[in-house]
Amino acid sequence: MTPLAAMPSPSTAVWQLGPVPIRAYALCIILGIVVACVVTEYRLRRRGVAPGAVLDIAVWAVPAGIIGARIYHVITSPEKYFGAGGEPIKALYIWEGGLGIWGAVAGGAVGAWLAARQLGIPLTVVADALAPGLPLAQAVGRLGNWFNNELYGGRTTLPWGLEVHVMDPDNPGHALRDDAGNPVLQPGLYHPTFLYEALWNVGVAALVLFLDRKLRLGRGRAFALYVMGYTAGRFWIELMRTDEANLILGVRLNVWTAALVFLGALAYFIRVRGPREYLVPVGEPAPVAGPAGDVSQVDLSAREAAARPAAPEGYRVVTEEQFEAYRKTGELPPEPAADDEAARAEPVDDDAATGRTDDDAATAERTDGDAPDAGTDPERADAERTNAGRADGGRPADRDS
């Protein structure tokens, strides 16, 4: 059957800017990182993190993620680099493709954890803020596979079937050309599985945003939701791919990985509970209101300087109500230790707190040399006998009950 339509593929994935090669794959990865940073920055600010924190996190997480992605690819496809005819040095050629998302997430998590520790931000807050941005970044990154003419599925006659070029092994990033100079195409059309995954990832991002707003997820559960959504799609998309892959029991390795990671994320999502985490700064003075009255009396330079506060020493987790109050008033909520001290400072009913009866109190008073002897105080002795005979065991009447 002749297909009604087809999706073309680029015949060039590398452009020369003088001596510098500009690779579409790298541009897509960088653009995806930018998208993830923008989304994460916005969500971190809404949780109380100072502006610009995402850049400090990205400095650690991005390189660690790229290294982890490449390591996973090399480990799961070692024959390309260390088998017969393999070239070990090409394990470093990231621009030729070959980044595993599982390694990227693992490596990026380690980098984000190191950065979060330095900034004093809980890793779960960073993960939840990143949850919708990461699948959007993956969707953008998948366009790099389109430029590279890779990661497609089996043959199809669907209108969105993909034309795939035969890439020139002697001129990476360019399609092989025939004698007339035309790029050579693979016979037939193929499922654009990279596009399926990109669209699925956009849907996952929308799902995370919707459920996070509805359920107010916290403690890393928004990130677990992203992992479940992504791996569910990766499971069936991976089964459609026809590129070379290592097999376990006749099934592609990444299919098994997707299933196991999904189960781990599901277990985390079910077991972990808790409200969304909000942060207030530690070591940062509360903002001071500007002077009222004539505008000419306002020091604009001081106001501009105050509008650019330095990053705080760290953060502490508060409830949503405490965070909203801090945003409105600028007053930091009391620390838990201060709450405990205040509670200890309040007068308490020692007898009720310790469970002592009036008989025990009377005995203690009789042993106190400074207290008057109950035997020599008729009114106290009568009161103690009355309390001792009460049915409730002598407890004070209805105090703080």
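- With sequence neighbours excluded, the residues satisfying ring-ring contact (aromatic ring centres under 6.0 Å, His included) with H191 are Y196.
- Atom CD of E244 has 12 or fewer heavy atoms from other residues, nucleotides or ligands within 6.0 Å.
- Checked against side chain to side chain donor-acceptor pair (under 3.5 Å), R219 has no partners two or more places apart in sequence or in another chain.
- For E87, the salt bridge (Lys or Arg N to Asp or Glu O under 4.0 Å) partners are K90, not counting sequence neighbours.
- With sequence neighbours left out, D128 forms a side chain to side chain donor-acceptor pair (under 3.5 Å) with no residue at all.
- Taking L207 as the reference, L211 meet the side-chain contact (heavy atoms from CB on, under 4.5 Å) condition, with sequence neighbours excluded.
- Looking only at distances, no side-chain donor or acceptor of N148 sits under 3.5 Å from a matching main-chain atom of E150.
- Taking the side chain as every heavy atom from C-beta outward, L162 and L189 never approach each other to under 4.5 Å.
- With rounding to the nearest 0.5 Å, the separation of CG in L114 from CG in L123 is 10.0 Å.
- To the nearest 0.5 Å, atom CD1 of residue I33 and atom SG of residue C28 are 11.5 Å apart.
- Taking 4.5 Å as the limit, some side-chain heavy atom of V317 sits within range of a side-chain heavy atom of E277.
- The CZ atom of R46 sits 4.0 Å away from the OH atom of Y42 when rounded to the nearest 0.5 Å.
- Within a 6.0 Å radius of CH2 in W102, other residues, nucleotides and ligands contribute more than 12 heavy atoms.
- When side chains are defined from C-beta on, L247 counts as touching R252, because their heavy atoms get closer than 4.5 Å.
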Problem - Audit row: L225, L217, side chain to side chain contact (heavy atoms under 4.5 Å, CB included) steps and yes/no - result: CA-CA 9 Å; L225 179 63; L217 300 172; 4.1 Å; yes

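- No side-chain donor-acceptor contact under 3.5 Å links W146 to the backbone of P192.
- Judged as a ring-ring contact (aromatic ring centres under 6.0 Å, His included), not a single pair has a partner in residues 258-277 (not counting sequence neighbours).
- Exactly one of N201, L31, V34 qualifies for a side chain to side chain contact (heavy atoms under 4.5 Å, CB included) with V140. That residue is L31.
- In I248, the CD1 atom is crowded: over 12 heavy atoms of neighbouring residues, nucleotides or ligands sit closer than 6.0 Å.
- Within the model, atoms CG of N149 and OG of S9 stand 4.5 Å from one another, a figure rounded to the nearest 0.5 Å.
- For the residue pair A50 and P312, the shortest heavy atom distance occurs at CB-CD, 3.9 Å.
- The side-chain hydrogen bond (donor to acceptor under 3.5 Å, both in side chains) contacts involving residues 224-234 comprise Q138-Y226, E197-Y230, Y230-R234, R234-E238, where partners must be two or more places apart or lie in separate chains.
- R271 CZ to R221 CZ: the interatomic distance, rounded to the nearest 0.5 Å, is 12.5 Å.
- Side-chain atoms of T76 come within 3.5 Å of backbone N or O of H73 as a donor-acceptor pair.
- Rounding to the nearest 0.5 Å places CG of N145 at 8.0 Å from OG1 of T193.
- Side-chain atoms of N171 never come within 3.5 Å of backbone atoms of H174 as a donor-acceptor pair (strictly under, hydrogens ignored).
- Among all heavy-atom pairs drawn from R70 and A91, the shortest one is NE-O, 2.7 Å.
- Side-chain contact between Y152 and Q186 is present, with at least one heavy-atom pair separated by less than 4.5 Å.
- Ring-centre distance between F147 and H165: not below the 6.0 Å cut-off.
- P132 and A205 get closest at one heavy-atom pair: O-CB, 3.5 Å.
- Applying the side-chain hydrogen bond (donor to acceptor under 3.5 Å, both in side chains) definition to pairs two or more places apart or across chains, none involves residues 103-120.
- Two residues are said to be in side-chain contact when any heavy atoms from C-beta on lie closer than 4.5 Å; P275 and T319 fail this criterion.
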Exercise for the section: Give the C-alpha distance, both sets of side-chain angles, the deciding distance and a yes or no for side chain to side chain contact (heavy atoms under 4.5 Å, CB included) between Y25 and L99. Expected result: CA-CA 11 Å; Y25 187 80; L99 297 175; 3.7 Å; yes

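- Scanning all heavy atoms of the two residues, the minimum distance from G229 to W200 falls at O-NE1, 2.8 Å.
- Residues satisfying the side-chain contact (heavy atoms from CB on, under 4.5 Å) test with L239, not counting sequence neighbours, are F235, V255.
- Y315 places a side-chain heavy atom less than 4.5 Å from the side chain of V49.
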Handout entry: Derivation of the side chain to side chain contact (heavy atoms under 4.5 Å, CB included) call for Y81 and L92
Key = CA-CA 10 Å; Y81 310 100; L92 304 177; over 6 Å; no

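- Within the 4.5 Å cutoff, the side chain of T124 has heavy atoms near those of the P122 side chain.
- Listed by first and then second residue, the side-chain hydrogen bond (donor to acceptor under 3.5 Å, both in side chains) pairs that reach into residues 203-213 are R43-D212, R47-D212, D212-R276, sequence neighbours excluded.
- Judged by distance alone, the side chain of T329 and the main-chain N or O of E331 form a donor-acceptor pair under 3.5 Å.
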Exercise for the section: Any chance you could lay out the side chain to side chain contact (heavy atoms under 4.5 Å, CB included) test for V20 and I22, step after step, and finish with the verdict? Expected result: CA-CA 6 Å; V20 179; I22 306 299; 4.1 Å; yes

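- The main-chain N or O of A175 is never found under 3.5 Å from a side-chain atom of S11 such that the two would form a donor-acceptor pair.
- Between the side chains of Y72 and N254, a donor-acceptor pair is found at a separation under 3.5 Å.
- Residues passing the side-chain contact (heavy atoms from CB on, under 4.5 Å) test with L119, sequence neighbours excluded: A53, D56, I57, I121.
- Counted within 6.0 Å of CZ on F82, heavy atoms from surrounding residues, nucleotides or ligands total more than 12; the atom is thus considered enclosed.
- Counting heavy atoms from C-beta outward, Y326 and L279 have side chains that stay 4.5 Å or more apart.
- Listed here is the closest heavy atom pair of R316 and P334: NH1-O, 3.7 Å.
- Listed by chain and number, the residues in a side chain to side chain donor-acceptor pair (under 3.5 Å) with R45 are E41 (sequence neighbours excluded).
- Looking at every heavy atom in both residues, R216 comes nearest to Y278 through NH2-OH, 2.9 Å.
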